[in-house]
Amino acid sequence: MTAFRGRVALVTGGAGSVGAHIVRSLAEAGATVVLNCFHSYDAAKALAAELGGGVRVIRASVARQEQVRRMFDEVASTYGRLDLLVNNAAAGTFVGWDELTEEHLDQAYETNVKGALWCARAARSLLARSDAGCVVNVSSVGAAYAPASYLPVGLSKAALEALTRYLAAEFAGDGIRVNTASAGLLDNPVGRSFPGFESMSANTVAATPMGRLATPADLANLVMLLASPGAGWVTGQTVVADGGMSLQRRALSPDPPPPAKAAPKPGAARSVDPVDPKAQDVDPIAVVGMGLAVPGASDPDTFWQLLTQGADLFVDVPPDRWPIASFHNDDPRAPDKTYQRRSGFITGFTPHPRLAAEHPDDGLDFTTLWLRHSVHQALEGVARRDGDRYTACFGYTPDGSQHLQEALVNQELGGPAVLPHGDATRSEPFPHRIGANAIDGLLPAGTPLLMVDTACSSSLYAIDLGLRDLLAGRAEIAVCGGAFALAPGGSVLFSKLYGLSRSGEVRALDRSADGVLFSDGAGVVVLKRLSRALADGDTVHGLVAGVGLSADGKGKAIYAPSSAGQELAVARALDKSGIGAAEVDWVIAHATGTPAGDEAEFLSLRAAYAGTDPVQVTSNKSLIGHTGWAAGVVSLIHALLGLRHGVIPAQHRFSAAPDSFALESSNLRIPTRPVPWPPRPDGPRTVAVSGFGFGGTNAHLLIQEYRPGRPAKAGYGVRNGEPMVIVGWSAHVPGAEDNEQVAEWAQGRHILPGSFGDGYPSPPFARLRLPASTIRATDRTQLMIIECMQRLEPRIRDFCGRHSRTTGVVVGHTGPTRNAVLYAVRAHLDELDRLAGPRARELRERVTALIAQPDEDSFPGEMPNVIAARLCGYFDLRGLNIAVDGGRASLADAFDMAGRYLDFGDVDVALVAGSNGNSLGSWAEVLGGGPIGEGSFLFAVTRKSLALAEGLPVLAEVSVEAVVEAVAEERLPERRLEATA
């Protein structure tokens, strides 16, 4: 098509499946092409590099007028005119009728209709300077027909076709033609993301005289035709290339013959560009590096040997960790004792050569050591460029550091370092410093870091947060994972739930399962966009196809697993990714070996993956134990190794499933032998990783293989780009009875005490509806946040209640809770008797007076992540719940995190809190001295459009990007969150 030589064309959404074909066709026809994208910047740059100097990339969101104006100003200053505008950028969500919300409609309309209008309006003067100015809008099958689950996109595309007619009439006086190109169901990643695509595809092909689906090249060819001089007398029209489906030949014919099997035309090859089913301008997230340290393995290859060959890794507590006699008693009822001597310990650790060359100090916190080792390992072989931006996200808890626990006990003794791992000055065992020390010198200074706590699903949430930074264009490389180290206090507390294995081994998914054993562990993966990974020549271990998150909401107990909550996470992962349950071959379950937990999880998987094809279900905890806050990333590495070797390893220590599983009537299988896992002929192999933690923090991660030439599915939600706004706030601080008194205190008009004192004032049963025994075992921060929620304005609480399925809670909290410190000291009482000399009795009396001996409520009652979970459980919120520890910047981190979830539509409302209830002298000394105040502050945050639609007051507008920039800076002793009223 020589008619395009020398022409200047702008294609929006030009890095997606259809857009890339249009850009390629125009460039090969001699046009100068401006490739617009928003999310897929790396893919756009790679395509431009491939096609040469005739393609220029401009990054801008067509849904934001200021960015559109900037883009066309740049075109005007560079080229002086524009000959062709192709409005191809698209967004939308596959959603059923009952799940349809106003936000789904707004998401599609903002890009598909308004975006096209803003671009056409901004381009008008430039197109008028051309002797053949032309606009081609790209529509879809949903505008003329009514595909299932496609209403938001279909309505917006129908509006786009109506807009075409108005633009044609308006622009005719300037000699500008405006038309729409549309096609039938496309055989591309977006088309294949329709729910039930296989049957839908078969029905469409059977009804189409041409006997096949449309391809991206077919639609690109139609765009080229409408843009060519040959269509010079065509304007205001929608031209549909549907292969003759609209002829209704089959519907109006008796006994129809099989459709003709026409061969694809030259140039109509299937697109292999993986894209997000919700927005064509996205390419998947690839895992390009991995590293770990678990019992028995210091690298993935050795871990694979364990998985395939088995091993006995549960051992008595090594003498160099802690003296088991001080913490053990065979009687489960013995106060402050654990009935189990065995766990999974990292005893034969082999550090990465680069870590060994650093000569790590013996006092380095275990979790820092293992996490840094894993980062070294995961980055090995990953291509990096000058100027790359990084993000780091790790799952972690202050309960996961033996060093920190012993440092606090040492301080209770008055400061001497008498316990072996308690030198806090040298080890810096604070959560936000664990992550910072793990990446120090390995990632650029100032790399944004989030320390995530959702209990045992933490590292899956960390991976989800990392990929959001890649999708949002804030980073090119994400380093994500988690770490956990056993400490005696945790073993004592968990034993009071009677959840530890009595037999001294884990038998996950087995009818003889009698509990869990926790283990040391760390794991890290490195993520990039697939386009960037391929351009860099990285090894692509697999693709993150989608992540589903949920909170259990109200349940029997804060520590009781919920099948319904876990099913919700699975459903969200499948829905976002566009993957059908039948496409999943294998689920690596959380399955810890606790009978109740395994049953709840298996029943949720049974419901979510019901079908005819077998789905293998396994758990690695029977082999290496439960690696706590690292468990999710360890299972992800397990999955990637299975993809690499083409084998699903057998379930270790498995004989038969519990009767409650009803395994025989299910398509789920628990393999007793390795299962060959060759490539599927009908699509990529897919594996799911499941995780959940105390407080109902559920996560479900879908991983697909990468096979060149065979598209994968992926979906992460659609960014809305809206500012988040604060619509309500409350606080609970010592001495203040309500928000008005808090406001007066904040203005300096009142002086309030810094602490609630040794005994937090228990709320009456009518206000809290919790048994007195539970309240006694529950940390004050968990009680304080409920009080904050009750102090919110009724209309704000009602707003959250009406959006309960999409309301999330994000809490900023630093270090261990007050109860965690006191329970740790109680667990060390025998050690204190031995070490403290004359002060032992005095210290014992003081500690036992401050906190009662632990019971079944104590472990969840002291966990920092349960601060957020307690709010979800009490008010039945199902979005998500998560805690983040950024030291003094924890509240800013919480706002940052909430913004990421609001930005992608995972939640409609985020309850963001900053909380501290630990003013103990031991914690103050470990932090460096000085008094610590107590209090909780809660902010109700939502998108601005939703606030206005609901008639809620906009108290302040908070920029997500501003918060990200703020917490990415060097952390100062104090951080002020900037907001504009």
Undergrad: Mind checking the OG-CZ spacing from S298 to F303? Nearest 0.5 Å is all I need.
TA: 12.5 Å
Undergrad: Would you mind reporting whether I22 and S25 have side-chain heavy atoms less than 4.5 Å apart?
TA: no
Undergrad: Report yes if the distance between the aromatic ring centroids of W586 and H638 is under 6.0 Å, otherwise no.
TA: yes
Undergrad: Can you find a heavy atom in the side chain of V18 that is under 4.5 Å from one in the side chain of L186?
TA: yes
Undergrad: Tell me, please, which residues at least two apart from R384 pass salt bridge (Lys or Arg N to Asp or Glu O under 4.0 Å).
TA: none
Undergrad: When you measure from the side chain of N36 to the backbone N and O of R59, does any donor-acceptor pair fall under 3.5 Å?
TA: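 No; judged by distance alone, with no hydrogens or angles, the pair does not exist.
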Undergrad: Please test N88 against T12 for side chain to side chain donor-acceptor pair (under 3.5 Å), starting from the C-alpha separation and ending with a verdict.
TA: CA-CA 5 Å; N88 172 70; T12 68; 5.7 Å; no
Undergrad: Once ring pair (Phe, Tyr, Trp, His ring centres under 6.0 Å) is applied, do any residues pair with H652, and if so which ones, sequence neighbours excluded?
TA: none
Undergrad: I want to check something: taking the side chain as every heavy atom from C-beta on, are L543 and I703 in contact at a cut-off of under 4.5 Å?
TA: no
Undergrad: Would you find a donor on one side and an acceptor on the other, under 3.5 Å apart, between the side chain of S459 and the backbone of G481?
TA: no
Undergrad: Could I get the full list of side-chain contact (heavy atoms from CB on, under 4.5 Å) partners for A589, not counting sequence neighbours?
TA: A591, E601, L605, V617
Undergrad: Would you compute the distance between atom OH of Y461 and atom CH2 of W629 and round it to the nearest 0.5 angstrom?
TA: 14.0 Å
Undergrad: Roughly how far, to the nearest 0.5 Å, is the OG1 atom of T350 from the CG atom of L355?
TA: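 One gets 11.0 Å once the value is rounded to the nearest 0.5 Å.
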Undergrad: Hey, does R669 have a side-chain heavy atom less than 4.5 Å from the side chain of V615?
TA: no
Undergrad: Are any side-chain N or O atoms of Y716 and backbone N or O atoms of V544, one a donor and one an acceptor, separated by less than 3.5 Å?
TA: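 Yes: the side chain of Y716 pairs with the backbone of V544.
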Undergrad: Under the side-chain contact (heavy atoms from CB on, under 4.5 Å) criterion, do W677 and L643 qualify, and how do the steps go?
TA: CA-CA 8 Å; W677 196 24; L643 283 171; 3.4 Å; yes
Undergrad: If you measure from the Lys or Arg side-chain nitrogens to the Asp or Glu carboxylate oxygens, is any gap between D301 and R644 under 4.0 Å?
TA: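 Salt bridge present between D301 and R644.
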Undergrad: Rounded at 0.5 Å granularity, tell me how far CD1 in I637 sits from CG in L292.
TA: 4.5 Å
Undergrad: When the ring planes of H376 and H352 are compared, do they come out parallel, tilted or perpendicular, using 30° and 60° as the limits?
TA: parallel
Undergrad: Within the structure provided, determine whether F394 and V479 are in side-chain contact (heavy-atom separation under 4.5 Å).
TA: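 The answer is yes, as the side chains (C-beta and beyond) meet within the 4.5 Å cut-off.
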Undergrad: Say whether, by atom type as modelled, one donor and one acceptor occur between the side chain of R372 and the main chain of A438 under 3.5 angstrom.
TA: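 Yes, the answer is positive, given that a donor and an acceptor are paired below the 3.5 Å cut-off.
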Undergrad: For G632, is there any backbone N or O sitting under 3.5 Å from a side-chain donor or acceptor partner on S635?
TA: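 No; zero donor-acceptor contacts below 3.5 Å.
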Undergrad: Which is it for E583 and K713 under the salt bridge (Lys or Arg N to Asp or Glu O under 4.0 Å) test, yes or no, and what are the steps along the way?
TA: CA-CA 11 Å; E583 298 175 67; K713 293 180 180 178; 3.0 Å; yes
Undergrad: Under 3.5 Å, is there a donor-acceptor pair between the S622 and Q651 side chains?
TA: yes
Undergrad: Begin from the C-alpha positions of V62 and F38 and carry the test side-chain contact (heavy atoms from CB on, under 4.5 Å) through to its verdict.
TA: CA-CA 8 Å; V62 300; F38 185 54; over 6 Å; no
Undergrad: Report, as yes or no, whether the 6.0 Å neighbourhood of atom CZ on R673 holds more than 12 heavy atoms from other residues, nucleotides or ligands.
TA: no
Undergrad: Start with the C-alpha gap between D464 and L549, add the side-chain angles, then the distance that decides, and say whether side-chain contact (heavy atoms from CB on, under 4.5 Å) holds.
TA: CA-CA 9 Å; D464 177 66; L549 310 174; 3.5 Å; yes
Undergrad: Among residues at least two apart in sequence or on other chains, which ones pass salt bridge (Lys or Arg N to Asp or Glu O under 4.0 Å) with D585?
TA: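 Result, salt bridge (Lys or Arg N to Asp or Glu O under 4.0 Å) vs D585: R680.
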Undergrad: Do I285 and L471 have side chains that approach each other closer than 4.5 Å (heavy atoms only, starting at C-beta)?
TA: yes
Undergrad: Is D283 salt-bridged to K528, going by a charged N under 4.0 Å from an acidic O?
TA: no
Undergrad: What distance do I624 atom CD1 and L307 atom CG have between them, rounded to the nearest 0.5 Å?
TA: 7.5 Å
Undergrad: Using distance alone, with no hydrogens and no angle criterion, decide if S604 and E567 have a side-chain donor and acceptor under 3.5 Å apart.
TA: no
Undergrad: Report yes or no: does H590 contribute a side-chain atom to a donor-acceptor pair with the main-chain N or O of F692 at less than 3.5 Å?
TA: yes
Undergrad: In Å, rounded to the nearest 0.5 Å, how long is the span from CD1 of I588 to CD of Q616?
TA: 12.0 Å
Undergrad: Salt bridge (Lys or Arg N to Asp or Glu O under 4.0 Å) with E50: which residues, sequence neighbours excluded?
TA: R24
Undergrad: Spell out, as yes or no, whether a donor-acceptor pair under 3.5 Å connects the side chain of S619 to the backbone of K621.
TA: yes
Undergrad: Could you check whether S457 and N698, counting side-chain N and O atoms only, form a donor-acceptor pair closer than 3.5 Å?
TA: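 No, S457 and N698 have no side-chain donor paired with an acceptor closer than 3.5 Å.
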Undergrad: Evaluate the side-chain proximity of I882 to L465: yes if any heavy-atom separation is below 4.5 Å, no if none is.
TA: yes
Undergrad: Decide side-chain contact (heavy atoms from CB on, under 4.5 Å) for V55 and L47; before the verdict, give the C-alpha distance in whole Å, the side-chain angles of both, and the deciding distance to 0.1 Å.
TA: CA-CA 8 Å; V55 178; L47 180 60; 5.9 Å; no
Undergrad: Quick check: do D299 and W304 have side-chain heavy atoms less than 4.5 Å from each other?
TA: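 Answer no - side chains too far apart.
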Undergrad: Tell me every residue that passes salt bridge (Lys or Arg N to Asp or Glu O under 4.0 Å) with R389, counting only those two or more places apart in sequence or in another chain.
TA: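 So R389 forms a salt bridge (Lys or Arg N to Asp or Glu O under 4.0 Å) with E476.
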Undergrad: Between R900 and D469, does at least one N-O distance fall below 4.0 Å, as a salt bridge requires?
TA: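 Yes.
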Undergrad: Salt bridge check: are K576 and D906 linked by an N-O gap of less than 4.0 Å?
TA: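 Salt bridge between K576 and D906, a charged N being under 4.0 Å from a carboxylate O: yes.
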Undergrad: Treating T215 as the side-chain partner and D218 as the backbone partner, does any N or O pair qualify as donor plus acceptor under 3.5 Å?
TA: yes
Undergrad: State, without any angle test, whether S140 and Y150 hold a side-chain donor-acceptor pair at a distance under 3.5 Å.
TA: yes
